[in-house]
Amino acid sequence: MSLENLQHNINHVAIIMDGNGRWAKMRSHPRVWGHVRGTSVVSDIVQEADDLKIKSLTMYAFSSENWSRPQTEVRVLFNLLYKFLRKERERILKNNIRFRIMGDVTNLPVQTQTLISQLEQETFYNTGLNLTFAFGYGGRAEIAFAINKFIAENPGKKITDEDLSSNLMIPELGDVDLLIRTGGDHRVSNFMLWQIAYAEMFFTDTKWPDFTVTEFRYIIEQISKRERRFGAISATDNLASNIIIARENQKIIRVQDV
Ligand code: FPP
């Protein structure tokens, strides 16, 4: 499939990159090898999302629950983030990508925190792909954050849906259109709970280190074909009130009769 042929209507893709540990174990390697291999997949998918002109790509790199993993694994994940940022900085700048971290990075090594804030500042005015890594992130904590922020700024006022959306960690990312989870499990694991309210979900058995650009494009293509109704109905299903909806016991029943 050539790049030009893939038309899509997806603005915001969120990805839960799961299956690294199992991928490595199946190959008799320590779990962290899966994270190492998974990091190069992150590079490929970022490039592809950019090529496909997706507006925002949000990747779950480290959840607030991941703190309970063995120290070595946590350290490897920190190192991989650091190395990724060093390696990809040039490409991120060249491609006009806006880079941000969403979550709590205060426990990261100082040099990683510095690198993150440098890159966030350097890409602040970039208008291309919004690339966000959720790191030290939890969806419930983000909702609590938004509510507390609103209450602090608007004491005594009731919070609305819109208020909550506009007080999230990175409000301009907006709702997620498509949530992809690799690794075979069908759950959302505290990821962007507010923003996925109307997201299409795609679960694949592929473990993250085996995930390819081709599968990513396939998913985008499949999801673009789905009709998203946001709780409404299809326009073609809108019935006039005199339309016959059934015939029962030789009686005609119209919309207006029910
Ligand atoms: C889940 O796999 C994956 C993670 C906890 C981390 C994801 C991190 C990467 C892909 C690499 C580093 C990221 C960046 C942004 C450079 P798991 O270990 O839970 O897999 P399992 O379910 O098979 O145990």
Side-chain angles (χ1 to χ4, degrees), residues 13-50 56-92 95 97-105 107-109 111-120 123 129-139 141 170 173 179-192 203-213 215-216:
V13 178
I15 306 186
I16 300 176
M17 308 179 279
D18 197 22
N20 293 349
R22 280 166 288 157
W23 181 92
K25 285 247 163 230
M26 279 165 61
R27 288 159 179 79
S28 309
H29 288 296
R31 294 175 45 77
V32 292
W33 182 239
H35 299 320
V36 176
R37 294 295 291 267
T39 305
S40 51
V41 179
V42 174
S43 299
D44 295 345
I45 298 302
V46 169
Q47 183 64 56
E48 188 63 16
D50 192 25
S56 303
L57 175 66
T58 308
M59 308 181 96
Y60 209 2
F62 191 87
S63 73
S64 28
E65 290 75 29
N66 288 154
W67 286 113
S68 58
R69 294 199 175 194
Q71 247 190 18
T72 9
E73 183 169 344
V74 171
R75 208 169 44 239
V76 167
L77 286 165
F78 288 177
N79 286 346
L80 288 172
L81 174 66
Y82 183 78
K83 285 187 178 154
F84 176 93
L85 297 179
R86 295 276 311 253
K87 181 169 159 273
E88 297 293 336
R89 181 177 165 272
E90 281 305 314
R91 194 153 62 112
I92 287 174
N95 291 344
I97 292 174
R98 170 99 192 259
F99 171 78
R100 275 173 288 195
I101 292 272
M102 177 171 74
D104 180 6
V105 292
N107 284 319
L108 285 175
Q111 58 169 4
T112 312
Q113 291 188 45
T114 310
L115 199 56
I116 290 169
S117 50
Q118 267 170 7
L119 197 53
E120 285 185 338
T123 64
L129 174 73
N130 278 307
L131 172 62
T132 308
F133 289 162
F135 209 97
Y137 172 86
I170 309 182
L173 292 182
L179 174 71
I180 299 173
R181 182 180 185 130
T182 61
D185 288 326
H186 294 198
R187 47 178 184 254
V188 295
S189 300
N190 203 16
F191 191 38
M192 302 192 92
F203 300 99
T204 169
D205 288 340
T206 308
K207 295 177 181 59
W208 181 252
D210 280 335
F211 193 66
T212 59
V213 160
E215 184 168 5
F216 183 61

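Note that ligands are numbered from 1 as they come in the structure, with each ligand's atoms numbered from 1 the same way.
Scanning for ring-ring contact (aromatic ring centres under 6.0 Å, His included) contacts around Phe62 gives Trp67, Phe78, Phe135, with sequence neighbours left out. Residues passing the salt bridge (Lys or Arg N to Asp or Glu O under 4.0 Å) test with Asp50, sequence neighbours excluded: none.
Contacts between Trp208 and ligand 1 below 4.0 angstrom, taking non-hydrogen atoms only, involve the side chain exclusively. Contact annotation for Val41 and ligand 1: no heavy atom of the residue comes within less than 4.0 Å of the ligand. For Arg69, every heavy-atom contact with ligand 1 shorter than 4.0 Å involves the side chain, none the backbone. Heavy atoms of Arg31 found under 4.0 angstrom from ligand 1 belong exclusively to the side chain.
With hydrogens left out, the protein atom closest to atom 13 (C) of ligand 1 is Ala61 CB, 4.2 Å, a heavy atom. Atom 3 (C) of ligand 1 has as its closest protein heavy atom Met17 O, 3.0 Å. The protein non-hydrogen atom at the shortest distance from atom 11 (C) of ligand 1 is Thr39 OG1, 3.4 Å. Closest to atom 9 (C) of ligand 1, if we only count protein heavy atoms, is Asn20 ND2, 3.7 Å.
Residue Leu81 places no N or O, backbone or side chain, under 3.5 Å from any N or O of ligand 1. On a distance-only criterion, Trp23 and ligand 1 share no N/O pair closer than 3.5 Å. Geometrically, ligand 1 and Asn66 share no nitrogen or oxygen pair separated by less than 3.5 Å. At a 3.5 angstrom cut-off on N or O pairs, Tyr60 does not count as close to ligand 1.
When each of Asn130, Thr132, Thr123, Thr58 is paired with Arg100, the side-chain hydrogen bond (donor to acceptor under 3.5 Å, both in side chains) condition holds for Asn130 and for no other.
If you number the atoms of ligand 1 from 1 as listed, the ones under 4.0 Å from a heavy atom of Gly19 come out as 2 (O), 20 (O), 21 (P), 22 (O), 23 (O). Ligand-side atoms of ligand 1 in range of Phe84: 16 (C), range being under 4.0 angstrom from any heavy atom. Ligand 1 places these atoms under 4.0 Å from at least one heavy atom of Phe133: 15 (C). Close approach of ligand 1 to His35 (heavy-atom distance below 4.0 Å) involves ligand atoms 4 (C), 11 (C), 18 (O).
Asn66 contributes a side-chain N or O that, together with a main-chain N or O of Ser63, makes up a donor-acceptor pair within less than 3.5 Å.
Contact check on Asp185 versus Lys207 returns no salt bridge, with no Lys/Arg side-chain nitrogen under 4.0 Å from an Asp/Glu carboxylate oxygen.
Side-chain contact, Gln118 with Arg89: no donor N or O sits under 3.5 Å from an acceptor N or O. Side-chain contact of Asp18 with Trp208: a donor-acceptor pair under 3.5 Å is absent, judged by distance alone.
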